[in-house]
S.K.: 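First the structure, which I've put down as structure tokens, then a few questions once you've had a look.
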Amino acid sequence: MIGFFLRRVIQSLLILLGVSLITFVLLYWLPADPVRQIAGRSATAQTVENIRQQLGLDQPLWVQYWRYLTGLVQGDLGRSYLQKTEVSTLIASRLPASLLLMAGAIFAELLIGLSMGVIAALRRGTATDQSLMIVSFIGVSAPQFVVGLLLLYVFAVQLGWFPIGGYGTFAHLVLPSMTLGILGSGWYSRMMRSSMIEVLRQDYVRTARAKGLTRLRVIFRHALPNAILPIIAMIGIDIGIFMGGIVVVESVFGWPGIGQLAWQAIQRVDIPIIMGVTLVSAAAIVIGNLLADLISLLVDPRIRTR
Amino acid sequence: MKNLIATTAMAICLALPAGADGYKPDPNAQSGGNIVITYKDDVATLDPAIGYDWQNWSMIKSIFDGLMDYTPGTTDLRPGLAESYTISDDGKVFTFKLRSGVKFHNGREMTAEDVVYSLNRVTNPATQSPGAGFFWSIKGFDEVASGEAETLEGVTITDPTTVQIELSRPDATFLHVMALNFASVVPREAVEAAGDDFGKKPVGTGAFSLADWTIGQRLVFAKNKDYWRNGVPYLDQITFEVGQEPIVALLRLQNGEVDVPGDGIPPAKFQEVMNDPAQAERVVEGGQLHTGYITLNTQIPPFDNADVRRAVNMAINKERIIQIINGRAIPATQPLPPTMPGYTKDYKGYAFDQAAAKAMLADAGFADGFETELYVMNTDPNPRIAQAIQQDLASIGITAGIKSLAQANVIAAGGEADQAPMIWSGGMAWIADFPDAANFYGPILGCSGAVQGGWNWSWYCNEALDAKASEADAIVDPARADERLEMWSEIYMSVMEDAPWVPVFNEQRYTMRSPRMGGADALYVDPVSIPVNYDYVYVTD
């Protein structure tokens, strides 16, 4: 098991190295010139060249990448071109907010998705089932920008139950978590529905029912724990989807996370920040997958023998 | 705004008696109170040598001061940290007498040394200031810019409270340059102690000091009780909340949580707000020194033919484009916006006449039209505007493909001689750095901007006009200011004759204030302290 774990860690590190290389090369090829962004529109050609030299952007690609990599292994993500602040400081100050939002979103999507899935499975083929599946389809397809604004308008502006965007208290967390969670809950409800239907067909469920257990007890004690297993592994993969979603949701709700940071950096070609956020997100996805593997391993001994 | 033209023209006449200040304190103003202002984008830096964004421009003006300043809500120059100034007869030596007793936020008194240090710092390539180029006229600038020298030869201290700045050639815009944020006076010890983090730990002489900054969330400015201008600022505290979508900011303003949405009224909500009398009453409208234009690349055939460019000028329906942005602009006839001194009032521009445009195109040998490309920034409403332009061009036989790209990529394409035949400037359009006619020429219409990576996306280079521009800017004598403006007017008329641009519209700014905010409307759409002049607004409750 330790061997398996080590192998996966080494694989993960190689993936991160690959991500850093690909992102770096893509940003290098970008037709937009970061030096022009720094130098501003009144700069002379000489000023531009000066800045290019100072940042080492006049060096060949591999020299630049090597320098970035040597900094990276020492934990140095460089300084933002435009803010001049250390990228690690900027990310560190925003990462907790994003992680909190992600935790809230996972909770929201499990809560909504699993309950919808279970109900749909139990009412299979009925109008309830169909309408729940339509709702989940809408949840998956609706643009998060729209969902966010809609929730904000209804629950914060009209009803006044939650603050209109911002960060700080539990009340601030609810709407952005729901917005992110609704997307995932669509997937989860469908997964949960089919998994539950599958489990309900199993012999041990029939046995449980046959020995006279109440319906609720059969569902919560016997069917649900087994149906949920394949879904837990999905949470790890979810983190990747969230990384995409938080860029939009954070901007709608004024949530001070790394998504906002990335969005602004992309607009201004602030390459060190784009690199930093990409690597941190990639690390989050890799760690999520690693955790998913570990959880599967712990809950399902059959994988261990592979 | 109309009388701005007259008042600005007067300001350009440097005939101001030293210490003149057209500002009359607001009799209703009261001290105290906290306000909340929102912005969508985070504040990158408050270092006056670096900051060049919408959201930090007037924040920096509130934390720092320069030798020159503007009367609040106007484009009239007035002395700032300089108590008075004199200009030599040849227009090459500016002597500034400093105010005494001005203290930095750290308690130390500001000296002539600080002024010299600040100018040397902003021009030093190591500072990487986007504003360094504005100081080109100071003697010794080239040596500092190239790294050969550390200090500007032309900037000297003649006595402990007097700084003399010698220029390499007369520059009528120099007092405006000294009023730019980039010319703010910073204390050496604070800059050196903070190093690259000075932008997050700013220390200036301004009306407010930075009390707290939670990165990505909020900045809190506290009143500088020792501010050298008596009576201001009125507010005790300003909280800037960042990362707020304009549409969310507006909802919060309606809910009484926000006092001013820093990014203005979002276009999607504009009609709704204007149709509601209670809200419309609190809307503030102001002109801005902005022109939106289409560049026609004079190096790429067939736009190398002036008649083709003139035909395009006649083909564009500007009124319809203005409808796309809910009427938040006025049609432009020339490069300068109407509020800028030097604007040619009686010039009507190319008339909208697609039949005549088609005929002119046929005479130029393109009876069957041609194919070309229109580059545009990919955020709303710019792609929709590009489609309107595309239709107008189609009606005179020109088939234009739309290239909708991220801002940085459009800017990069414009900076290549052979890449973008046409660019719609929306989202990247020129907003004046300072209120002077010269600011709309050099980088965007002059030969110096027609270089790789430059901003002259028409690649228009008329050396006779460049020479005339230099000649105009050599007129520093206040008595001849009208003559100078007349020359600038002629320059822009010659540009229109050559037609490297289609000037499309001059955008108006619309913002809102909460019911409790007081102070003249002009402070909320200040042409210089963009977007809001924080030092002079107040609350009434």
S.K.: What are the two closest heavy atoms between B/K200 and A/T85, and how far apart are they?
M.R.: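 Closest approach of B/K200 to A/T85, heavy atoms only: NZ-OG1, 3.0 Å.
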S.K.: Under a 4.5 Å heavy-atom cut-off, does chain B meet the side chain of A/Q267, its backbone, both or neither?
M.R.: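 When you check distances to chain B, atoms from both the backbone and side chain of A/Q267 fall under 4.5 Å.
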S.K.: Taking B/D433, B/V43, B/D142 one by one, which has the highest count of heavy-atom pairs under 4.5 Å against chain A?
M.R.: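 Among the listed options, the one with the most contacts to chain A is B/D433.
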S.K.: Side chain, backbone, both or neither: which part of A/L261 has an atom under 4.5 Å from a heavy atom of chain B?
M.R.: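 Answer is neither: A/L261 stays 4.5 Å or more from chain B.
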S.K.: Below 4.0 angstrom, N of the basic side chain to O of the carboxylate: do B/D41 and A/R268 qualify?
M.R.: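 No, no charged N to carboxylate O under 4.0 Å.
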S.K.: Under 4.5 Å heavy-atom distance to chain A, tell me which part of B/A145 shows up: side chain, backbone, both or neither.
M.R.: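 For B/A145, the contact with chain A is made by backbone and side chain together.
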S.K.: What residue, out of B/L405, B/D197, B/T38, B/T45, has the most heavy-atom pairs lying under 4.5 Å from chain A?
M.R.: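 Most heavy-atom pairs within the cutoff with chain A belong to B/D197.
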S.K.: Measuring heavy-atom distances to chain A, does B/I247 have an atom under 4.5 Å in its side chain, in its backbone, in both, or in neither?
M.R.: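 Contact with chain A involves the side chain of B/I247 alone.
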S.K.: Is a salt bridge present between A/R79 and B/D196, judged by a nitrogen-to-oxygen distance below 4.0 Å?
M.R.: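 Judged by the 4.0 Å cut-off on N to carboxylate O distance, A/R79 and B/D196 do form a salt bridge.
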S.K.: Chain A heavy atoms under 4.5 Å from B/D47: which part of the residue, side chain, backbone, both or neither?
M.R.: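 Neither part, no heavy atoms under 4.5 Å.
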S.K.: Checking heavy atoms, do the side chain of B/Q128, its backbone, both or neither come under 4.5 Å from chain A?
M.R.: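 Both backbone and side chain.
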S.K.: Please classify the contact between B/I50 and chain A as side chain, backbone, both or neither, with a heavy-atom cut-off of under 4.5 Å.
M.R.: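 Contact with chain A: side chain only.
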S.K.: Which one of A/V252, A/L90, A/I266 has the most heavy-atom pairs closer than 4.5 Å to chain B?
M.R.: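 Winner by heavy-atom pair count: A/V252.
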S.K.: Might you point out which heavy atoms bring B/G216 and A/P256 nearest each other, and give the distance in Å?
M.R.: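 Taking every non-hydrogen atom into account, O-CB, 3.3 Å.
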S.K.: Pick one of side chain, backbone, both or neither for B/Q254, based on which atoms fall under 4.5 Å of a heavy atom in chain A.
M.R.: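 Neither part; nothing is under 4.5 Å.
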